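Worksheet: the structure to be examined is printed underneath.
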Number of protein chains: 2
Amino acid sequence: MTCPQPLRIGEILQKAKAVIPSIDQATVYRNIKRLVEQGWLLKITHPLAGTMYERSGKEHHHHFYCRKCDSVFELPGCGINDEHVALAGMTVEDHEVFFYGVCHECSQHLQRT
Amino acid sequence: MTCPQPLRIGEILQKAKAVIPSIDQATVYRNIKRLVEQGWLLKITHPLAGTMYERSGKEHHHHFYCRKCDSVFELPGCGINDEHVALAGMTVEDHEVFFYGVCHECSQHLQRT
DNA sequence: ATGCAAGTGCAAAAGCATTATCATTTGCAA
DNA sequence: TTGCAAATGATAATGCTTTTGCACTTGCAT
């Protein structure tokens with residue numbers, strides 16, 4: 001089963017328990033660790049959402065965080081050019097971009113003032 | 001005194017102790033907290049370097065992290081256009097970009113193989 | 001059936017960054 | 001000098017995430 005958004009440990013645990021109610025967090029941690037080591041999962045440390053994981057092998061992309069519903073969405077594409085940083089004499093190997101704001105759904109549930 | 005790079009708690013503590021050797025971490029935490037609340041400092045949660053702080057009021061910019069020496073540098077400017085994300089129906093309020101690689105200094109201390 | 005390696009559940013522990021407590025100290029005004 | 005509010009030092013405690021030890025299961029080959 002594939003998941004379009006990165007998941008937090010808590011969400012993974014929750015989903016795991018939905019399938020195997022008796023499963024323990026230690027087991028989940030152990031397996032996630034192995035999956036990361038073996039390259040199946042990528043670990044993401046999100047400034048606001050904390051540690052998350054997503055399947056590896058996806059196209060280069062970034063993430064959007066909704067401050068209202070506290071969830072993370074994948075965004076296709078990337079407009080970043082690593083080269084321009086080289087000006088400062090640094091060698092850029094990669095980068096991450098985090099967008100913050102309000103997601104589509106939340107912006108429809110606006111509160112009247 | 002101004003500092004061109006964001007600092008980690010540990011570095012702040014270290015610098016503080018250099019000036020006032022008896023200073024305690026609790027005091028440093030308390031004062032950082034107040035400085036953030038009053039808007040003098042900005043808190044940055046860096047995926048690899050952890051929690052850092054920098055003076056507020058700077059021009060919009062991003063950061064480069066050197067994997068060799070484990071330090072963070074400020075990069076001037078920004079090529080990100082928040083608008084393009086709106087395609088997905090989201091309202092982007094702001095963003096952060098983290099670059100990773102090897103800094104100028106470290107790339108000169110390359111090891112022969 | 002037996003044995004063994006790998007995988008689990010459970011509970012405790014370890015690591016952290018951060019905060020709370022409280023007695024003591026400092027700066028400053030009366 | 002006295003008094004008081006605010007700041008500090010030192011330490012313990014908190015909250016969270018992640019890891020470990022250990023006994024118990026499971027799957028699979030012998």
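What you see is a predicted model, and the numbers here were worked out from it, not measured in a lab.
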### Task
May I ask you to check whether B:His62 and A:His95 place their ring centers less than 6.0 Å from one another?
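Ring centres of A:His95 and B:His62 not closer than 6.0 Å.
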
### Message
Please tell me whether B:His46 and B:Tyr65 form a close aromatic pair, meaning their ring centres lie under 6.0 Å apart.
### Response
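Yes.
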
Could you state the atom-to-atom distance from [atom1] of [X] to [atom2] of [N] in whole Å?
X: A:Glu37; N: D:dT19; atom1: CD; atom2: C1'; result: 13 Å
X: B:Lys33; N: D:dA7; atom1: NZ; atom2: P; result: 14 Å
X: A:Ile32; N: C:dG7; atom1: CD1; atom2: P; result: 16 Å
X: A:Ile44; N: D:dT17; atom1: CD1; atom2: P; result: 17 Å
X: B:Ile12; N: C:dA17; atom1: CD1; atom2: P; result: 13 Å

### Message
Same cluster or not: B:Val36 versus B:Leu7, using hydrophobic residues (I, L, V, M, F, W, Y) connected whenever any side-chain heavy atoms lie under 4.5 Å apart?
### Response
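In one cluster with B:Val36: B:Leu7, yes.
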
Would you say that [X] contacts [Y] through its side chain, given a criterion of any heavy-atom pair below 4.5 Å between the two side chains?
X: B:Cys103; Y: B:Ser71; answer: no
X: A:Pro76; Y: A:His61; answer: no
X: A:Leu42; Y: A:Lys58; answer: no

What's touching nucleotides 8-12 of chain D from the protein side, N or O pairs under 3.5 Å?
| residue | atom | partner | partner atom | Å |
| --- | --- | --- | --- | --- |
| D:dT8 | OP2 | B:Asn31 | OD1 | 3.4 |
| D:dT8 | OP2 | B:Asn31 | ND2 | 3.3 |
| D:dG9 | OP1 | B:Ser22 | O | 3.3 |
| D:dG9 | OP1 | B:Ser22 | OG | 3.2 |
| D:dG9 | OP2 | B:Asp24 | N | 3.1 |
| D:dG9 | OP2 | B:Thr27 | OG1 | 2.8 |
| D:dG9 | N7 | B:Arg30 | NH2 | 2.9 |
| D:dG9 | O6 | B:Arg30 | NH1 | 3.4 |
| D:dG9 | O6 | B:Arg30 | NH2 | 3.4 |
| D:dA10 | N7 | B:Asp24 | OD2 | 3.2 |

### Query
Do you see a donor-acceptor pair shorter than 3.5 Å between the side chains of B:Glu96 and B:His63?
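Judged by distance alone, the side chains do not pair up.
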
Is there any protein nitrogen or oxygen under 3.5 Å from a nitrogen or oxygen in nucleotides 24-28 of chain C, and what are the pairs?
none

### Task
Look at B:Tyr29 and C:dT18 and indicate whether a side-chain polar atom (N or O) is within less than 4.0 Å of OP1 or OP2.
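Answer yes for this pair, as a side-chain N or O of B:Tyr29 is under 4.0 Å from OP1 or OP2.
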
#### Entry: NZ-OG1 distance between A:Lys43 and A:Thr45, expressed to the nearest 0.5 angstrom
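Answer rounded to 0.5 Å: 5.5 Å.
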
